[in-house]
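What follows is a short report on a single structure.
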Amino acid sequence: MVSKSFWTRMKKVQQIHRFLYAVGLGPLVGKIVLLLTTTGRKSGQKRVTPLQYEELDGKIYLGSARGTNSDWIRNILVDNQVQVRIKNRKLTGTAEVITDPGRIADFLEVRLQRHPRMVGWMMEKIHHVSSCPTRQQLEQIAGTEALVIITPLDEVQGK
């Protein structure tokens, strides 16, 4: 279990990423962080969340360490139409929430291959396992997480 103070620190990191995009540094931070816009499930207002991502086979993959308890995932479960900003790219898409541990473990393996130091650190801090976890450990972790796959529908070049 991750402490509440950890998630408070992560919210501050998200605020920094939103600010960096706002001041024109999206092309720099957009290498690993995108801005996801969902529609609030209660308010109906647009909600912007900075998230780490991977692009695979033309789709955008997002992991949620908080599983389906994350506000952005709960918003998607009500309205799966989303907007994404990656660097200078803006697109709309349809989001699908995945809770299958095997598929999530596959995604975690890709993330570990692409970003071994960063994701390894996250494995240690969030999940209290080795920075090089076994497949069995990944599947156990995946049982508490969620994965979102966004299929782009339309892309518009933005600033």
Side-chain angles (χ1 to χ4, degrees), residues 1-21 25-38 41 47-87 89 91 93-153:
M1 183 74 179
V2 179
S3 70
K4 188 174 181 176
S5 65
F6 177 84
W7 293 117
T8 301
R9 288 193 305 274
M10 289 298 100
K11 288 270 188 200
K12 290 180 182 177
V13 169
Q14 286 183 328
Q15 289 172 341
I16 292 167
H17 285 115
R18 272 194 295 273
F19 172 78
L20 292 173
Y21 263 96
L25 295 176
L28 177 64
V29 296
K31 292 178 182 178
I32 58 170
V33 175
L34 58 70
L35 296 181
L36 174 70
T37 303
T38 59
R41 65 193 173 283
R47 302 293 182 198
V48 179
T49 307
L51 297 165
Q52 292 179 13
Y53 73 97
E54 297 294 336
E55 286 192 75
L56 302 165
D57 301 322
K59 296 184 180 187
I60 300 163
Y61 288 66
L62 308 169
S64 172
R66 298 180 76 189
T68 56
N69 291 325
S70 295
D71 284 334
W72 61 274
I73 294 238
R74 291 171 30 190
N75 290 343
I76 288 170
L77 288 170
V78 172
D79 181 353
N80 70 345
Q81 299 304 302
V82 298
Q83 288 132 19
V84 177
R85 182 167 174 199
I86 300 174
K87 301 178 185 178
R89 294 169 45 208
L91 54 96
T94 302
E96 175 187 8
V97 178
I98 307 293
T99 56
D100 174 59
R103 289 181 70 187
I104 296 169
D106 291 343
F107 171 70
L108 293 173
E109 284 181 336
V110 168
R111 299 233 49 229
L112 277 163
Q113 281 182 320
R114 290 183 174 186
H115 314 284
R117 294 180 79 179
M118 177 184 68
V119 177
W121 177 86
M122 291 167 56
M123 289 291 162
E124 291 176 348
K125 295 296 179 189
I126 295 173
H127 301 292
H128 310 292
V129 298
S130 160
S131 62
C132 298
T134 65
R135 175 65 188 204
Q136 182 180 8
Q137 288 174 315
L138 289 177
E139 288 180 5
Q140 185 176 11
I141 290 166
T144 64
E145 297 195 353
L147 173 66
V148 170
I149 302 174
I150 299 171
T151 302
L153 301 173

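Position 1 is the first residue of the sequence, and the numbers go up from there.
- Across Ile73 and Thr68, no two heavy atoms sit closer than the pair CG2-CA, 3.8 Å.
- Looking at Ile98 and Val148, their side chains never come closer than 4.5 Å, going by heavy atoms from C-beta outward.
- Using a 4.0 Å cut-off between charged nitrogen and carboxylate oxygen, Asp71 and Arg41 count as a salt-bridge pair.
- For the side chain to side chain contact (heavy atoms under 4.5 Å, CB included) with Leu138, the lone residue among Arg111, Glu145, Glu109 that qualifies is Glu109.
- Separating the CG atom in Leu51 from the CH2 atom in Trp72 is a distance of 5.0 Å, to the nearest 0.5 Å.
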Assess the residue pair Tyr53 and Val33 against the criterion (side chain to side chain contact (heavy atoms under 4.5 Å, CB included)); give the C-alpha distance rounded to whole Å, side-chain angles, the decisive distance to 0.1 Å, and a yes or no. CA-CA 6 Å; Tyr53 73 97; Val33 175; 5.6 Å; no

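- Proximity of a side-chain donor or acceptor of Gln137 to a complementary backbone N or O of Thr134 within less than 3.5 Å is detected.
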Report task. Begin with the C-alpha distance, continue with both residues' side-chain angles, and end with the deciding distance and a verdict on side chain to side chain contact (heavy atoms under 4.5 Å, CB included) for Leu34 and Arg85. Result -> CA-CA 6 Å; Leu34 58 70; Arg85 182 167 174 199; over 6 Å; no

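- Met123 approaches Ser130 most closely through the heavy-atom pair CB-O, 3.8 Å.
- If you take CD on Glu96 and CG on Asn80, they are separated by 9.0 Å, rounding to the nearest 0.5 Å.
- What you find for Gln81 and Thr94 is that their closest heavy atoms are NE2-OG1, 3.4 Å.
- Atom-to-atom distance recorded for Arg74:CZ and Arg66:CZ is 9.0 Å, nearest 0.5 angstrom.
- With a 4.5 Å cut-off on side-chain heavy atoms, Asn75 and Thr49 do not count as touching.
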Verdict with supporting geometry, Ile76 and Val82, side chain to side chain contact (heavy atoms under 4.5 Å, CB included): CA-CA 8 Å; Ile76 288 170; Val82 298; 4.0 Å; yes

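- Annotation: the span from Ile150 atom CD1 to Glu55 atom CD amounts to 10.0 Å, rounded to 0.5 Å.
- Test Ile149, Thr151, Leu91 against Ile60 for side chain to side chain contact (heavy atoms under 4.5 Å, CB included) and you get one pass: Leu91.
- Checked for salt-bridge contact, Asp106 and Arg135 meet the test: a charged N lies under 4.0 Å from a carboxylate O.
- In this structure, Leu112 and Gly120 approach most closely via the heavy-atom pair CD2-N, 3.9 Å.
- Note that the CD atom of Gln83 and the OG1 atom of Thr38 stand 9.5 Å from one another [nearest 0.5 Å].
- Using a 4.5 Å cut-off on side-chain heavy atoms (C-beta onward), Val110 and Tyr61 make no contact.
- Residues Ala65 and Ile126 share a closest heavy-atom pair of CB-CG2, 4.4 Å.
- Of all heavy-atom pairs between Gly58 and Pro152, the closest is O-CD, 3.3 Å.
- The side-chain heavy atoms of Leu62 and Leu36, taken from C-beta on, include a pair separated by under 4.5 Å.
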Between Ser70 and Ser64, does the side-chain hydrogen bond (donor to acceptor under 3.5 Å, both in side chains) criterion hold? Intermediate values first, please.
CA-CA 7 Å; Ser70 295; Ser64 172; 2.7 Å; yes

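- Using a cut-off of 4.0 Å between Lys/Arg side-chain N and Asp/Glu carboxylate O, Lys59 and Glu54 are scored as not salt-bridged.
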Item checked: Evaluation steps, side chain to side chain contact (heavy atoms under 4.5 Å, CB included), between Met122 and Met118 -> CA-CA 6 Å; Met122 291 167 56; Met118 177 184 68; 4.2 Å; yes

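- Between Val129 and Glu124 the shortest side-chain heavy-atom distance does not fall below 4.5 Å.
- Residues Leu35 and Val84 form no side-chain contact, since every pair of their non-hydrogen atoms from C-beta on lies 4.5 Å or further apart.
- The number of heavy atoms from other shown groups lying within 6.0 Å of CD (Gln52) is above 12.
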